[in-house]
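Before any comments, here is the structure.
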Amino acid sequence: MTATFLGMPAFPANAARAVHDAQLRANLRKATRTIRDRRAAAVAELPGWERLRAAGRQIKDHTLRNLDRYLLRMEEAVVRAGGHVHWAADAAEANRIVAGLVEATGENSAVKVKSMATQEIGLNEALAARGITVHETDLAELIVQLGGDLPSHILVPAIHRNRSEIREIFRTRMGARGRPAPEGLTDEPAALAEAARLHLRERFLAAKVAISGANFMIAETGTLVVLESEGNGRMCLTLPRTLISVVGIEKLLPTWRDLAVFLQLLPRSSTGERMNPYTSTWTGAAEGQEFHLVLLDNGRTAVLADEVGRQALRCIRCSACLNVCPVYERAGGHAYGSVYPGPIGAILTPQLHGMASELEASLPYASTLCGACFDVCPVAIDIPEVLVHLRGMAPHPRAERLAMRAAGWVLDRPERLGRAERLGLRLRRFVPRRLPGPLSAWTDTRDLPELPAESFRDWWERTGGGSGRPPERARRVGRRLPVRRSRAHAGDRERQERGERGGGGR
Amino acid sequence: MRVALFITCLNDLLFPGTGRATVTLLRRLGCDVAFPRAQTCCGQMHLNTGYRRQGERLARRFAGVFTGYDAVVVPSGSCAATIRARHPLAAPAEGSGGAAEAMPGVYELSEFLVDVLGVTDVGAFFPHRVTYHPTCHSLRGLRLGDRPIHLLERVGGLELVPLPGAEECCGFGGTFALKNPAISTAMCADKVRNVAATGAEVLCAADNSCLTHIGGVLGRLRTGVRTLHLAEILAATEGAG
């Protein structure tokens, strides 16, 4: 029911565990680097990528600024095309609506297209609690579901699994949920895909209800758009009698023209493809079909109210930021404790869900602020900027707060800083090779640098900036160093009159 | 040209050699170097860790101290990037006048040398095998590009070897190194492996904060690779006669 996996410890503890899992490290390294390189090539070959990116950003910003208007236009168009529109303020309401709609059909199961919004609200679990079984049909989601696992990537939820692990999951778990894996299943990708295909085909043909999300909604015509690469989505969208789509309110685009920009941005950023393999669009209900659109807020309106944080709502869930992130590559998606892992998760989860738990409060700090995510983002979300913004709102540990306050006090006056430096350097012989307390996190794995005998400040004062002036004089000049330009020139003249080389060149 | 040196708090305390080298280098190139003693810190640590009020206080102090010089030179990519991106006065907002105009340009060292002074050959001699780590804030914050590389290529006797995976973060990230030590060290382990693969004697960067982290692991692993700030190589005339 929540955006975070309940009961998980904070990011540093999760990540530390993940780092020691050699298999996970190898799987992630191989997978993220492969997609990363593919994306880089697909973006590099396109002239005007930056202009496309700017257009994507502007379209999203414009839509978000006028969201109220476009949402009503969307609702009107869907209803006109024979669909039903439901408004869900939060996860509980959305789940209640979907469960009610499934129950009204008299069915007790549904097939599902891969969707982040339904993951976010924990729809599968909520429906299971009401006796409705949901079958995931995306290959990676199927692997996660069969393995009783949690997703660890937005695009490739089973990225933490390699093919031999997948074979084991198929071999041991598939039978319990339907058609078992064929005898003698190998870990060849083609064989694994075929096993999944046979297993899923039965589901598609039997399904009466399908649940999906959407990548985009086009307000002018009330059209929903799903991008996928396996064809399972199209099966779900067309075969069952009832289709229920749960979509975040930020997924809107005003017009089809706007969609053209995103159909270029999204495939190249997410899978590194020039064009998306299966793009399905539908408007209202097809003949003989019932269509329900559940518009999901679940914290988005609150995010929209935050002037810095709202840019996160531009996200199109491409996962380029995950694939390029050095922290994600080593920590894995589970460490983020949310269906939204990686850099985008680190800014989405705390915003959608608050920072009450230790896990959520640790997410804005799960980044070195290296900026690689911002560079690859197709809608130019300045993730480091939002991370820093959220750090300002996160609860800070007491010891850190005191240390920061002390540092702030020292740095507020140069005399204090000078005295603190002198004291520290005088005691340098007593600094142990292993530091105590929280600082041991540094010396556990790194040597300390050798401490100098005097600070730069003191060196400058003692030597007059290396110009050979006597210390006493240098100190006086030093104190009077200019703050205003007029005084700066006065200082120059003074030095020239004394015939000193001062800062002059050769 | 009257240049104010912003030494940065980290260099002031731990790496005065970098400061002395910067002074030597700038004077050799004809600059009049001042060290405004009222300077302390750009506020990066506070701003990046979520202590905005204290960070902005330090940013205001910075503006007061450096107003009136022709240029401010900073031998640190991350401090220069903090000042440019996060100090309200250093980035002149459109349509605003006043303080923004009086604030001089703040330049990272290699930017100042290449863009302002227009030099790439600074007359240095450093006969060693060197590899260069671009650091995230220099690379993606300041967009220094190849400026430091061009400077190093023209150092006499220096053999510059490319660093594999150079653009990847070393895992320092300021307080990240303490808050997420496992990931920080895992990232650095990969960086160090790449440094070792170059066979370089010296790892160079334009930021001592990253070098403290990478150097700390290089030292712990007894790799024998030395870390040096760009300024110290550019100031060197060792053996030049």
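Proteins come first, then strands; the chains are lettered A, B, ... in the order of their sequence lines, and each starts at number 1. These numbers were taken from a predicted model, which means no experiment stands behind them.
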Residue A:Leu451 versus chain B: region with a heavy atom under 4.5 Å
side chain
Should the pair B:Tyr107 and B:Phe112 be assigned to parallel (<30°), tilted (30 to 60°) or perpendicular (>60°) ring geometry?
tilted
Just grab all the side-chain hydrogen bond (donor to acceptor under 3.5 Å, both in side chains) pairs involving residues 361-372 of chain A, residues at least two apart or on different chains.
A:Tyr365-A:His396
Which one of A:Pro12, A:Ala10, A:Cys370 has the most heavy-atom pairs closer than 4.5 Å to chain B?
A:Cys370
Do you know which of A:Met393, A:His389, A:Arg401 has the most heavy-atom pairs with chain B at a distance under 4.5 angstrom?
A:Arg401
Best-contacting candidate, A:Pro384, A:Ala372, A:Ala331, against chain B by heavy atom pairs under 4.5 angstrom:
A:Ala372
Sub-3.5 Å donor-acceptor pair from the side chain of B:Lys179 to the main-chain atoms of B:Gly174, do we have one?
no
What part of A:Trp442 is in contact with chain B, defined as an atom under 4.5 angstrom from a non-hydrogen atom: side chain, backbone, both or neither?
both
Given heavy-atom pairs under 4.5 angstrom as the criterion, report whether the side chain, backbone, both or neither of A:Ala394 touches chain B.
neither
Closest-packed option against chain B by number of heavy-atom pairs under 4.5 Å, given A:Gly408, A:Pro326, A:Ala16:
A:Pro326
Working for side-chain contact (heavy atoms from CB on, under 4.5 Å), residues B:Arg84 and B:Leu142
CA-CA 8 Å; B:Arg84 194 166 304 163; B:Leu142 297 172; 3.6 Å; yes
State, without any angle test, whether B:Gln44 and B:Ser78 hold a side-chain donor-acceptor pair at a distance under 3.5 Å.
yes
Chain B heavy atoms under 4.5 Å from A:Val327: which part of the residue, side chain, backbone, both or neither?
both
Do B:Arg220 side-chain atoms and A:Thr443 backbone N/O form a donor-acceptor pair below 3.5 Å?
yes
Out of B:Thr49, B:Leu58, B:Thr212, B:Leu178, return the one with the most heavy atom pairs under 4.5 angstrom to chain A.
B:Thr49
Most heavy-atom pairs under 4.5 Å with chain A, out of B:Ile183, B:Thr18, B:Ile214, belong to B:Ile183
What part of B:Leu13 lies closer than 4.5 angstrom to a heavy atom of chain A: side chain, backbone, both or neither?
both
Using heavy-atom distances under 4.5 Å, tell me whether A:Pro438 contacts chain B through its side chain, its backbone, both, or neither.
backbone
Between B:Thr135 and chain A, with a heavy-atom cut-off of 4.5 Å, which part of the residue counts as in contact: side chain, backbone, both or neither?
neither
Would you mind telling me which of B:Val3, B:Val23, B:Leu221 has the largest number of heavy-atom pairs within less than 4.5 Å of chain A?
B:Val23
Contact winner vs chain B - A:Glu385, A:Arg428, A:Glu450, A:Arg33, heavy-atom pairs under 4.5 Å:
A:Arg33
B:Arg57 atom CZ, neighbour heavy-atom count above 12 within 6.0 Å:
no
Pairs of heavy atoms under 4.5 Å with chain A: top-ranked of B:Gly55, B:Gly43, B:Ala186
B:Ala186
So salt bridge (Lys or Arg N to Asp or Glu O under 4.0 Å) across residues 44-56 of chain B, not counting sequence neighbours, yields B:Arg52-B:Glu56
Gap separating the CG atom of B:Leu14 from the CG atom of B:Asn208, nearest 0.5 angstrom
8.5 Å
Interface moiety of A:Phe374 toward chain B, non-hydrogen atoms closer than 4.5 Å:
neither
Using a cut-off of under 4.5 Å on heavy-atom pairs, state which of A:Leu387, A:Leu439, A:Val19, A:Thr445 scores highest against chain B.
A:Thr445
The interface call for A:Asp412 against chain B, heavy-atom contacts under 4.5 Å, is both
Parallel, tilted or perpendicular: which fits the ring planes of A:Trp460 and B:Phe35, with parallel below 30° and perpendicular above 60°?
tilted
Tell me, for A:Ala13 versus chain B, whether the close heavy atoms (under 4.5 Å) come from the side chain, the backbone, both or neither.
neither
Most heavy-atom pairs under 4.5 Å with chain A, out of B:Arg140, B:His213, B:Gln39, B:Met1, belong to B:Arg140
Can we say B:Arg37 and A:Glu461 salt-bridge, meaning some charged N sits less than 4.0 Å from an Asp/Glu carboxylate O?
yes
Sub-3.5 Å donor-acceptor pair from the side chain of B:Arg222 to the main-chain atoms of B:Gly219, do we have one?
yes
With only heavy atoms counted, which part of B:Arg61 is less than 4.5 Å from chain A, the side chain, the backbone, both or neither?
side chain
Residue-level interface, residues 415-427 of chain A with chain B, non-hydrogen cut-off under 4.5 Å:
A:Leu417, A:Glu421, A:Leu425
Could you go through the side-chain contact (heavy atoms from CB on, under 4.5 Å) check for B:Val122 and B:Val119 one step at a time?
CA-CA 7 Å; B:Val122 298; B:Val119 292; 4.1 Å; yes
Passing option when B:Cys210 is tested against B:Pro134, B:Cys170, B:Cys188 for side-chain contact (heavy atoms from CB on, under 4.5 Å)
B:Cys170
Any donor-acceptor N or O pair under 3.5 Å, side chains B:Arg86, B:Asn48:
yes
Please check if any side-chain donor atom of B:Ser184 sits under 3.5 Å from a side-chain acceptor atom of A:Arg446, or the reverse.
yes
Of all residues at least two apart in sequence or in a different chain, which pass the salt bridge (Lys or Arg N to Asp or Glu O under 4.0 Å) check with A:Arg330?
B:Glu168, B:Asp190
